[in-house]
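The structure under discussion appears below in the form of structure tokens.
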Amino acid sequence: MMEFPIFQLERSQTLYENSVEINLTESGVHPACVGDLVDNDLGELLSLQLGYGYTDGTPALRQAIADWHPGAAPENVLVANGTSEANLLALLSVAKPGGHIVVITPNFMQLDGMARALGVEVATVALRPENNWQPDPDAVRAAVRPDTCLITLCDPNNPTGVAMTPNSRGSLVDVAEEAGVWLLIDEIYRGSEIDDLPAATAWGLGDKVIVTGGLAKSFGCPGLRMGWCIAPSELVSRMHERQDYTTIGTGALAQYLARRCLVQPLRDKLLQRGRNILRQGREQVAEWVSGMPGWSWVKPDASGMAFLSYPMDVPSDVWCANLRKDTGVFVCAGAWFGIEGHIRLGFGVESDHLRTGLARISEYAAR
């Protein structure tokens, strides 16, 4: 029987509706509304037939996703139920029981746990704050074995919010090509670059590159459960075959709204909305950290999360559990992402919500 290692998911909606608790686990932008995606002319939406439709995504949606990844074509796109399903389908399509993958941490640990459950051996390579959370290509190269099939990381990174430099991105592509292994980069936070940096993608940098993404974080639409994978067409075909055994496909309504999100001018409007929220939140956290002796962070380039090093000699999961019990503030433990001595808190939430949460953390830390 397969056993799945338990890792923390962001099941937070119930907590958010509870006025007693302050949920700072969200790592993206405060959600948009359906009204932000559709205008007053609802005729097209109301006439939408709720059949199975295109299980791999409508041609218009796959074209819109491809357009956001220079050099991609619709046949390079598979639409999935969130980036999580896209990651799973990619893993199922390239890894075999008894094989080996390399996971660069800290990271969202879905692929690590899923691979282990499927009988795939996992090696981890750590990012270091003193290196500004940039990957060390020599360390990654040393972790690759003859039976390695995949190297994976998240860029911009979860939980640090730091984006890879062009040099780092290119170095990882070189390592993958030298070894003849796939490089999967989860780009769920692409588009959340706070300082209006270009939304860089690894797609097109090499023949063995896979990128995944979705609308949950930068676009502020997690409720659509809409993600995708960009990969060589042969791999996309294999993934689509496996999707028949997972969810069959995504919903027609979600596909319709997702296409609207990804077509201009709404795409830029949603991403700019997100940047405005994230910029304000990051400033709040920066001011707060400056008044917390012994605390430190690498200021994030993107996303809605701060990865904070704290000075107490307490395991992060214990620290977070006690924080929640004593103050009602819910944050993520660094251990959930493969690194201790840190917490991750989301700053893409409403300003007053964040201010209250930070104040409670200050009080708790002082005690």
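In this structure, Leu88 is a member of the same hydrophobic cluster as Trp182, with clusters built from ILVMFWY side-chain heavy atoms closer than 4.5 Å. In the hydrophobic clustering of this structure, Ile343 groups with Met292; members are Ile, Leu, Val, Met, Phe, Trp, Tyr whose side-chain heavy atoms approach within less than 4.5 Å, directly or through other members. Val140 and Val103 are not part of a single hydrophobic cluster, where members link through side-chain heavy atoms under 4.5 Å apart. Follow the hydrophobic side-chain contacts under 4.5 Å out from Val102 and you never reach Met109; the two are in separate clusters.
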side-chain hydrogen bond (donor to acceptor under 3.5 Å, both in side chains) evaluation trace for Trp295 with Ser309
CA-CA 6 Å; Trp295 289 63; Ser309 173; over 6 Å; no
Run the side-chain hydrogen bond (donor to acceptor under 3.5 Å, both in side chains) test on Glu85 and Thr246 for me, step by step, so that the C-alpha distance in whole Å, both residues' side-chain angles and the decisive distance to 0.1 Å come before the verdict.
CA-CA 8 Å; Glu85 188 189 24; Thr246 55; 2.8 Å; yes
Could you please spell out the steps behind the side-chain hydrogen bond (donor to acceptor under 3.5 Å, both in side chains) verdict for Arg62 and Asn76?
CA-CA 9 Å; Arg62 285 187 283 119; Asn76 299 123; over 6 Å; no
Applying salt bridge (charged side-chain N to carboxylate O under 4.0 Å, His left out), run through Arg141 and Glu178 and close with a yes or a no.
CA-CA 9 Å; Arg141 186 178 287 109; Glu178 289 168 11; 3.0 Å; yes
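Seen from the ring of Trp68, Arg190 counts as a face-on cation partner, given the 6.0 Å and 45° thresholds. A cation-pi arrangement is not found for Arg282 relative to Phe347, the charged atom failing to lie both closer than 6.0 Å to the ring centre and inside a 45° cone about the ring normal.
Residues Thr201 and His69 bring no donor and acceptor atom of their side chains to less than 3.5 Å of each other. Thr356 and Arg360 are not linked by any side-chain donor-acceptor pair at a separation below 3.5 angstrom, with hydrogens and angles left out of the test. When only modelled atom types and interatomic distance are considered, Ser303 and Lys217 share no side-chain donor-acceptor pair under 3.5 Å. With no hydrogens or angles considered, a side-chain donor-acceptor pair links Ser168 and Thr165 at under 3.5 Å. A donor atom on one side chain and an acceptor atom on the other are not found under 3.5 Å apart for Thr160 and His342. In the model, Asn87 has a side-chain atom that pairs as donor or acceptor with a side-chain atom of Thr212 under 3.5 Å. Of the N and O atoms on the side chains of Gln280 and Asn276, not one donor lies less than 3.5 Å from an acceptor on the other residue. With hydrogens and angles left out, the side-chain atoms of Thr25 and Asn23 include a donor and acceptor closer than 3.5 Å. Between the side chains of Thr58 and Tyr256, not a single donor N or O lies within less than 3.5 Å of an accepting N or O.
In this structure, the side chains of Ile188 and Cys154 come closer than 4.5 Å at one or more pairs of heavy atoms. At a threshold of 4.5 Å between non-hydrogen side-chain atoms, the residues Ile22 and Leu24 count as touching.
Using cut-offs of 30° and 60° for the angle between ring planes, the Tyr310 and Trp319 rings count as parallel.
Other residues, nucleotides and ligands contribute more than 12 heavy atoms inside 6.0 Å of the OH atom of Tyr364. In the displayed structure, Asp207 atom CG is contacted under 6.0 Å by at most 12 heavy atoms of other residues, nucleotides or ligands.
Shown here for Gln255 and Met226, the closest heavy-atom pair between the two residues is N-CE, 3.7 Å. Contact detail for Cys221 and Cys261: the closest heavy-atom pair is SG-SG, 4.1 Å. Of all the heavy atoms in Ala80 and Gln243, the pair that sits closest is CA-NE2, 3.7 Å. Shown here for Leu278 and Gly304, the closest heavy-atom pair between the two residues is CD2-CA, 3.4 Å.
Here the CG atom belonging to Leu235 is positioned 9.5 Å from the CG atom belonging to Leu78, to the nearest 0.5 angstrom.
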